[in-house]
Amino acid sequence: MIAAGIDIGSITAKAAVIADGRLIAVHTLPTGYNARQAGEDVFEAVVCSIGMNPTQIDAIVATGYGRNSVSFAQKTVTEITCHAAGVYFLNPSVRTIIDIGGQDSKAILLDDRGKVKDFAMNDKCAAGTGRFLEVMARALHAEIEEFGKLSLKAETPAAISSLCTVFAESEVISLISKGEARENIVAGIHESIAGRIGAMLNRMKWSPPVMMTGGVARNIGILKALEAKLGTEILVTDYAQVTGAIGAALIAAMNGAT
Amino acid sequence: MPEAAKNQKLRSVSRMKDIMTEYYIGAKTARETGKKVAWITSGGPVEPLLAMDVIPVYPENHGAMIGAAKMGADLCQTAESMGYPSDLCSYARADIGCAATSGGPIGGLPEPDMLVCCNNICGTVLKWYEIQARRFGVPLFVLDTPVCHRGFSPEAKGYVRSQIEDYIHFLESVLQRPFDLEKMRDVGRLSIEAQRLWQDVLLTLRHHPAPMSAFDAFFHLALIVTLRGTPIVIAYYQELLLELKERIAEGIGAVENERYRLLWDNLPVWYRTKWLSEKFASWNACLVADTYTSAWCSSLPYMDPDDFLGSMAEGYARIYLNLGIDAMADILMEMIDTYDVQGVVMHSNRSCKPYSFGQYDMASWIRQRRGIPVLLLDADMVDPRQFSEAQSEARIDAFMEMIVK
């Protein structure tokens, strides 16, 4: 049984292939403006990367905000269920997932079989999301990839109090004009996000171990700020960004061939 | 997401539409027919108005119509351009915007001769009705019902009862004629009978499959809100009840192949009822109960058909929205058991703070005491600018995946 999972996020399209219960390939591409095309491209790319062709894939599940535009998938499943399945596959001891994606952030609680017990999502607002970080990176003329390391050099994180992305951007610009060190501003941005995610998590009955998924998990600054906020270690794997796609592939495999 | 599963339409719906049309025509032509019009809050004591032959009109029901007609955003923006903040209740904004422009689905409400405001549903209505009283230059009566956290103290009872007397004097003074006690008795009996029938209608949803859904109840609610105390409501709900019993006898459910039963908390998302109803139906899930429509029969234990005026102080003070959240949670738990539901959907309503307040606590109590999942859905009852389809869809689908597993 060879199964694929396609996760079309607002910023990145991800794909994973599972063969006989083993993860054999993952791939990512920018989603761009055409989710349908991104789905086809990332699927073809992941299949090519292992020297196969699309007809050799027995089952496909699509997830993410663009899940309904993946017409060649046999089934769609929400990213919440897929992240749970993916995390359970990567580390079955995990009971809490923090997933920060491009346009939303989620807290997911798992039971001992890896099923979703409860979840919470940020409300209709970009604060605490990957998009929020992108806006801030632009304001600071910094590469998003540098953000994590930059914040580790901070002496005193600057206070970013606004919850609104647009107002927070104005706050950042005003801090820049006051001559605040870039490292401190970046650390302040991370603390602001960690505060928001921490509050969302604390509304639920979460328990460790905690794993972070989604593209933002690669940002060491956010990770450290969240660990400090929650008072617990947060696990991250190399597959953080593609965990949803892995979960989708696992669900596809479980549901069987077409 | 599973395909299929449709919603079954009730045949009573067309009669209901006719009744509401007649009612609004009657209200809009009140000037020509020499009748007086009173605007009243949805939880306000309407029966004394009917006893005095005054036509009651409900800005909140009108707000629901505006929402369902998808005219909420424009009218809310009109109110915002007049200086009202976007954080204000969207019923209030829609009504204020409508009064200023005579817009909306029926070209605005008929101008009032008086306003009757009861704060048993929220505090916003006080300022909202003061604004409208100033706009139309008409008298306003305010019935102040203290929050009944648990129980109803003798002091609270005395306080509300004394205001019922003031209310009667207010009507006598505005209408310049003595209060009709005999007609009041008839109206009171009819009102209680209508509430009992409404309760019977809702209780049919205990049946598996439920013969109608909460989405149908949202629609059929209009009569118990606007016309309770008149015989037409009784005739209509009897007819509806008959249709529901027929459906039960034939095993017809509101949702085809009902497999999951859910409870809805808070007001409907009026501009998305169809989308939501189809969304849940696609999962073979039926909303079989809701805290909103059942509020119009929740005071029955306190109402005495032989002494309506004497008992209405308690009846109107102890409605669902005027309770503390512990008491609300008790009612919720009872509904979960009565209607045999597997999950609760809480509409966190940007407009209705008193209704949305405490939902996080209640959600965690439900999870603890009943062990069933709860979904928090962020939206607004009338203002579609507070609704995100992609986010709502992801939440509902994930919630259903959790229940189906």
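Labels below follow one simple rule: chain letters A, B, ... track the order of the sequence lines, proteins then strands, and each chain is numbered from 1.
Heavy-atom neighbours of B:Arg367 CZ from other residues, nucleotides or ligands within 6.0 Å: above the threshold of 12. Heavy-atom contacts from other residues, nucleotides or ligands closer than 6.0 Å to CZ of B:Phe357 number 12 or fewer. Remark: A:Arg22 CZ is loosely packed, at most 12 non-hydrogen atoms of other residues, nucleotides or ligands lying under 6.0 Å away. Heavy-atom neighbours of A:Tyr239 OH from other residues, nucleotides or ligands within 6.0 Å: at or below the threshold of 12. Crowding of B:Arg259 atom CZ: a count of heavy atoms from other residues, nucleotides or ligands under 6.0 Å not exceeding 12. By the neighbour-count criterion of 12 heavy atoms within 6.0 Å, atom NZ of B:Lys353 is densely surrounded, having more than that number from other residues, nucleotides or ligands. Around the CZ atom of B:Arg369, the shell of radius 6.0 Å holds more than 12 heavy atoms that belong to other residues, nucleotides or ligands.
Here the NZ-CZ distance, from A:Lys106 to B:Arg395, works out to 10.0 Å after rounding to the nearest 0.5 Å. To the nearest 0.5 angstrom, B:Ser364 atom OG is 5.0 Å from A:Lys205 atom NZ. Note: A:Arg203 CZ to B:Leu376 CG = 7.5 Å, rounded to the nearest 0.5 Å. Rounded to the nearest 0.5 Å, atoms OG1 (A:Thr76) and CG (B:Asp397) are 6.5 Å apart. Between the OG atom of B:Ser388 and the CD atom of A:Gln103 there is a distance of 7.0 Å, given to the nearest 0.5 Å.
Across every non-hydrogen atom of B:Gln391 and A:Asp104, the tightest pair is NE2-CB, 4.2 Å.
Using a distance-only test at 3.5 Å, with no hydrogens or angles considered, a donor-acceptor pair links the side chain of B:Glu401 to the main chain of A:Thr78.
For A:Asp118, the parts lying under 4.5 angstrom from a heavy atom of chain B are both the backbone and the side chain. Heavy-atom distances place the side chain of B:Gln368, and not its backbone, under 4.5 Å from chain A. With a 4.5 Å cut-off on non-hydrogen atoms, A:Lys117 touches chain B through its backbone but not through its side chain.
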*Worked check of side chain to side chain contact (heavy atoms under 4.5 Å, CB included) between B:Glu393 and A:Arg67*: CA-CA 11 Å; B:Glu393 185 169 34; A:Arg67 62 188 179 281; 3.9 Å; yes
